[in-house]
Amino acid sequence: MSVAALAAAIRSGKRKAIEVTEERLADIAARDPLHNCFTEVTAARARAEAAAVDARVAAGIDPGPLAGVPVAVKNLFDLEGTATLAGSKIERDSPPAARDGFLVRKLTEAGAVMLGALNMDEYAYGFSTENAHDGPTRNPHDTTRIAGGSSGGSAAAVAAGLVPIALGSDTNGSIRVPASLCGIWGVKPTYGRLSRHGSFPFVGAFDHLGPFARELSDLALAYNILQGEDAEDPAQAFPGIQPARLDAEIGGLRIAVADGHFARGGHPEAFAAVAVVARALGATRTVTIPHAAEGRAAAFLITMAEGANLHMANLCARPQDFDFATRDRFLAGALLPAHWVQQAQRLRARYRAEVLKLFAEVDVILAPATPFVAPKIGQALIEVDGEDIPVRPNLGIYTQPISCIGLPVVAAPLADPVALGTPGGLPIGVQLIGAPWAEATLFRVAAALEKMGVCAAPPVRKN
Amino acid sequence: MSDFDLATYAPQVAAALGLPLQEAHLPGVLMNLALARRMAALVESVPLTPQDEPAPVFVAGPAK
């Protein structure tokens with residue numbers, strides 16, 4: 001049942017929000033120990049919010065378009081009364097958040113019921129959600145494999161059906177990578193579109209927030225509800241509410257496949273996925289995103305430096321309390337020569353200008369979301385083109401060059417990974433990339449792909 | 001990009017910052033610095049002009 005249908009049933013009094021909430025809480029208690037998505041289940045809060053929704057319905061007041069819909073958020077979102085962990089041990093010592101983050105308020109004001117906080121890579125610095133403090137999140141399609149990250153708990157919770165909508169963050173690929181590996185929809189909006197106030201930062205220059213869903217209509221609904229002006233996010237450039245619609249009308253759109261950097265460095269299934277989507281859309285032309293590898297390198301350096309600067313006090317005082325997977329990268333980031341970082345920021349501006357020129361010729365660019373399907377939990381290396389390369393940084397090879405210049409992306413899951421011939425029939429996704437503020441165009445393309453049966457969340461087979 | 005000795009560089013810069021580097025953390029730090037050096041070389045491979053300003057742009061305040 002779609003989120004809209006569930007909310008409609010609750011708004012009309014056919015279903016009670018409290019019953020839906022109890023059902024979700026019981027399901028999470030039964031199944032989450034396997035998946036390890038939740039780091040905190042806010043059961044009391046959820047019951048109170050559900051009761052409030054039911055009371056509104058009983059009083060003839062419309063609770064909103066997400067009436068009684070269960071949601072959960074990556075544990076870097078502020079939830080009032082709960083310490084915002086951002087995947088860390090260190091923040092367990094922080095005081096509880098005084099109020100919900102902006103996007104959390106948007107969801108609950110629309111009637112959603114908050115079920116809890118979800119696992120992630122520490123401080124969002126990773127693509128695997130193998131968290132040393134909370135354990136790894138397990139991919140619902142194969143629980144011996146990673147969910148991707150850093151919003152892995154969010155993506156796996158949605159893929160497993162624990163919640164229909166979850167929020168994540170994406171600094172270098174942390175929505176698009178787990179969406180691909182878990183086979184669900186995700187949107188990383190244009191930089192500056194959605195407020196980030198009330199979320200734990202990582203790299204201010206690249207941080208984005210956005211939703212995940214199994215159904216495209218649910219993703220669009222969540223995305224539309226999350227839009228709103230917020231003077232408290234200094235990076236927000238609010239263009240007004242620009243709702244996504246799923247009219248599947250793509251006639252006249254110029255769609256091209258990214259070549260060069262985006263056509264190498266991955267396994268065959270990553271490129272096969274792009275080819276299937278391109279064929280369905282009639283996209284025959286290719287486009288070269290100039291300096292993508294160099295732009296990615298710039299993002300890599302800026303991430304290291306900004307992340308290290310953010311955590312410097314704790315790196316000095318309590319390095320042993322960091323996750324070993326992030327600690328050494330943060331420490332190294334503190335030591336980068338200033339010239340490297342400044343040059344990276346200058347190249348980033350040049351790279352953005354070059355890429356923006358492409359949108360005079362194309363409207364949507366197709367690229368792989370991940371270079372391969374989900375690797376095994378604990379797997380350090382993977383073979384690409386005959387060479388063993390580290391899994392963790394390379395999961396973001398195709399996402400990182402896009403987020404560092406703020407372009408909007410819809411991550412679209414291939415509906416039939418078995419027919420695509422992916423290893424083990426595991427899911428994989430494709431990036432639909434647009435010009436700044438062109439999310440509505442991307443949702444139209446996504447709707448066309450869904451209508452053709454090419455993109456949809458593949459069913460989770462029993463583990 | 002000079003192939004400078006990271007094992008000498010890292011403790012010196014860490015000391016300048018007052019950042020204690022534990023022996024056990026050093027191999028991972030050096031590995032990540034070596035990766036960053038490769039990334040910096042990629043960045044440096046693109047010639048820039050004095051007109052290529054950094055991406056973050058300061059705004060004094062809203063235009064009146």
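Lettering follows sequence order; numbering is per chain, from 1. Small disclaimer: the values here were computed from a predicted structure and weren't measured.
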Report task. Of all the heavy-atom pairs spanning B/Ala40 and A/Trp340, show the shortest one and how long it is. Result -> CB-CD2, 3.4 Å

Report summary line: Among A/Arg348, A/Gln343, A/Arg352, the residue with the most heavy-atom pairs under 4.5 Å to chain B is A/Gln343

Report summary line: Note: B/Asn32 and A/Met304 closest approach over all heavy atoms is O-CE, 4.0 Å

Query raised in the report: Under 3.5 Å, side chain of A/Arg327 to main-chain N/O of B/Val29, donor-acceptor pair present?
Result: no

Query - Validation row: A/Phe300, B/Leu35 side chains within 4.5 angstrom (heavy atoms) - result: yes

Report summary line: When the 4.5 angstrom heavy-atom criterion is applied to B/Pro11 and chain A, the contacting part is neither

Query raised in the report: Are the side chains of B/Glu53 and A/Gln345 in touch, meaning some heavy atoms are under 4.5 Å apart?
Result: no

Report task. Count the heavy atoms of every other residue, nucleotide or ligand shown that sit under 6.0 Å from CD of B/Gln12, and state whether that count exceeds 12. Result -> no

Report task. Walk me through it: do A/His339 and B/Glu44 pass the test side-chain contact (heavy atoms from CB on, under 4.5 Å)? Result -> CA-CA 10 Å; A/His339 169 74; B/Glu44 293 275 9; 2.5 Å; yes

Query - Pairwise side-chain contact, B/Pro20 with A/Pro319, heavy-atom cut-off 4.5 Å (strictly under) - result: no

Requested in this report: Begin with the C-alpha distance, continue with both residues' side-chain angles, and end with the deciding distance and a verdict on side-chain contact (heavy atoms from CB on, under 4.5 Å) for B/Leu6 and A/Leu335.
Outcome: CA-CA 10 Å; B/Leu6 294 174; A/Leu335 308 178; over 6 Å; no

Requested in this report: Counting only heavy atoms closer than 4.5 Å, note whether B/Gln51 contacts chain A via side chain, backbone, both or neither.
Outcome: neither

Query raised in the report: If you tally heavy-atom pairs under 4.5 Å against chain A, which of B/Leu26, B/Leu21, B/Leu42 wins?
Result: B/Leu42

Query raised in the report: Looking at side-chain heavy atoms only, is the closest gap between A/Leu331 and B/His25 below 4.5 Å?
Result: yes

Report summary line: In terms of heavy-atom pairs under 4.5 Å with chain B, the winner among A/Ala317, A/Gly295, A/Pro337 is A/Pro337

Query raised in the report: How far does CG of A/Asp328 sit from CG of B/Leu30, to the nearest 0.5 angstrom?
Result: 9.5 Å

**Report entry** Ion pair B/Asp52/A/Arg350, N-O distance below 4.0 Å
**Finding:** yes

Report summary line: Closest heavy-atom pair, A/Leu347 versus B/Leu48, reported as atoms and distance to 0.1 Å, is N-CD1, 3.7 Å

Report task. Could you tell me which non-hydrogen atom of A/Ala332 sits nearest to which non-hydrogen atom of B/Leu33, and how far apart they are? Result -> O-CD2, 3.7 Å

Report summary line: Separation between OG1 (A/Thr303) and CE (B/Met39), nearest 0.5 Å, reads 10.5 Å

**Report entry** Under 4.5 Å from any heavy atom of chain B - which part of A/Leu301
**Finding:** side chain

Report task. Counting only heavy atoms closer than 4.5 Å, note whether A/Ala298 contacts chain B via side chain, backbone, both or neither. Result -> both

Query - Closest non-hydrogen atom pair, B/Val46 against A/Glu294 - result: CG2-CG, 3.6 Å

Query raised in the report: With chain A, which of B/Gly28, B/Ala36, B/Ser45 has the greatest number of heavy-atom pairs at distances under 4.5 Å?
Result: B/Ala36

